[in-house]
Amino acid sequence: MKKKIKNNIDLINIAFMILSLIVAIFIPFKLFLFSYAVLGPLHYLTEINWLREKKYFMLADRKHTIIFIVIAILVSISPSIRYLDLQLAPSIQSILVIISRYNSAFLISSFLFAIGLLFYKKTRTLLILLVVVSLISFISTNYLHSTFIYVSIFLPTLIHVYLFTLMFVLFGSIKSKSKIGISSVIVLAIIPFVIWYLPIEIVQIAKPSSELLNIFVNSSFVNLNIMLAKVFKGLENGRFVLLSEIGLRIQIFIAFAYTYHYLNWLSKTSVIGWGKTLSKQKVIWMLVIYAFSLGLYFYDYKTGLTGLFFLSYLHVLLEFPLNAFTVKGLISEVIGNFKKNSF
């Protein structure tokens, strides 16, 4: 029975992949903005609750989540101050400038600390680990600033929504020995290539209206497109053209990746049981916060982004221990299967 349910979920996920791809091809900007504003907050709220019930996949004390919460707060302060246009004392402004400058270091420190949680349990050891990874991250930011900029942009975005999702699906499929699950992994892996080799006539359909384009450009999302274009040598005379052929292909992929990431999570209720962790009281509170989130986006998209920035960033950080747990489990499964088939 469980295998049948898993197979059905895998088939649904393949359908979600294809659906997300088709819609992304025709309306990549609108789909992305819709998915981020409507599906995103629902994902943050339900996943954070599920992670909490799973003790955030920390093998050590759950109280160490305070580190991720503090970092999320620190990173969220500057966007809020800029949006509100607050006039602060010069000393406070200097501190905020320093925090903003080292956002990538905070992010890398969080990720390295999450990996350390797999191997260390004692609080004293973890505190030493935190100091060490923080020093490494902050010093490296000064000497490898451009590299860390790429990491700080891709880790909480495309690596989070695409690469880690691919690993989750692969890990679950290997553990359950599901052929349909492996097929879904293959489909998910080849979609970027499908987008890359789409006929130019189809890609041209993706051009948005000027109003929609203004909303997108006025957000910070365009920085992700620019960095991805730099990676794939997609700049034209050193400039990024959003509506160029490669610019449209990049946006199609981003819209697909985010939309499927959210749909994949919503489809996994019966598999990982996140729906069972929701009490009536939790559902009421989530609906209130969700309605407030939608209201912010409806009022003004940039206001919604700023208001939900902390929640969005926090859910990424709190998922790091799960990411590390999944990568470790995936490596163990691959090595175990290799040894089993070698003898």
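Reckoned from all heavy atoms, side chains included, excluding hydrogens, waters and symmetry mates.
- Residues satisfying the ring-ring contact (aromatic ring centres under 6.0 Å, His included) criterion with F168, sequence neighbours excluded, are absent altogether.
- Cluster partners of L135, by chain and number: V131. The rule joins Ile, Leu, Val, Met, Phe, Trp and Tyr whenever side-chain heavy atoms lie under 4.5 Å apart.
- Taking 4.5 Å as the limit, every side-chain heavy atom of F298 sits out of range of all side-chain heavy atoms of L294.
- With a 4.5 Å cut-off on side-chain heavy atoms, T123 and L126 do not count as touching.
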Under 3.5 Å, which donor-acceptor pairs link side chains of residues 198-217 to any protein atom two or more places apart or in another chain?
unit_1: Q204; atom_1: OE1; unit_2: K207; atom_2: NZ; d: 3.2
unit_1: S209; atom_1: OG; unit_2: L212; atom_2: N; d: 3.3
unit_1: N214; atom_1: ND2; unit_2: S210; atom_2: O; d: 3.2

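- The CD1 atom of I180 sits 11.5 Å away from the CG atom of N13 when rounded to the nearest 0.5 Å.
- No side-chain heavy atom of I99 sits less than 4.5 Å from a side-chain heavy atom of V75.
- Between L163 and F154 there is no side-chain heavy-atom pair separated by less than 4.5 Å.
- For residues 192-212, the set of pairs meeting the ring pair (Phe, Tyr, Trp, His ring centres under 6.0 Å) definition, not counting sequence neighbours, comprises W196-F232.
- Atom CD1 of I25 is separated from atom CZ of R249 by 10.0 Å, given to the nearest 0.5 angstrom.
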For this session: Take N323 and M167 through the side-chain contact (heavy atoms from CB on, under 4.5 Å) test and state the conclusion after the steps.
Result: CA-CA 9 Å; N323 299 149; M167 289 182 176; over 6 Å; no
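- Here N103 pairs with nothing under the side-chain hydrogen bond (donor to acceptor under 3.5 Å, both in side chains) rule; sequence neighbours left out.
- With sequence neighbours excluded, the residues satisfying side-chain hydrogen bond (donor to acceptor under 3.5 Å, both in side chains) with T259 are S35.
- Every residue was checked against the ring-ring contact (aromatic ring centres under 6.0 Å, His included) condition with F171, not counting sequence neighbours, and none meets it.
- Ring-centre distance between Y102 and F106: not below the 6.0 Å cut-off.
- Applying the salt bridge (Lys or Arg N to Asp or Glu O under 4.0 Å) test to E236 and every residue at least two apart in sequence or in another chain returns nothing.
- In the hydrophobic clustering, where aliphatic and aromatic side chains (Ile, Leu, Val, Met, Phe, Trp, Tyr) are joined below 4.5 Å either directly or transitively, I136 groups with I128, V132.
- Y299 belongs to no multi-residue hydrophobic cluster, having no ILVMFWY side-chain contact under 4.5 Å with any other such residue.
- Interatomic distance, CD1 of I108 versus CZ of F113, reported as 15.5 Å (0.5 Å rounding).
- Contact of the Y262 side chain with the Y44 side chain is registered, since non-hydrogen atoms from C-beta on lie closer than 4.5 Å.
- Considering every non-hydrogen atom in both S312 and Y36, the closest pair reads OG-OH, 3.3 Å.
- S20 places a side-chain N or O within donor-acceptor distance of the main-chain N or O of F16, the cut-off being under 3.5 Å.
- No close placement of the Y162 and Y260 rings is indicated, their centers lying 6.0 Å or farther apart.
- Side-chain contact between F164 and L155: present, with at least one pair of heavy atoms (C-beta onward) separated by less than 4.5 Å.
- Under the side-chain hydrogen bond (donor to acceptor under 3.5 Å, both in side chains) criterion, S293 pairs with no residue at all, not counting sequence neighbours.
- Residues forming a side-chain hydrogen bond (donor to acceptor under 3.5 Å, both in side chains) with K282 (at least two apart in sequence, or on another chain): N49, E53.
- When side chains are defined from C-beta on, R101 counts as touching N142, because their heavy atoms get closer than 4.5 Å.
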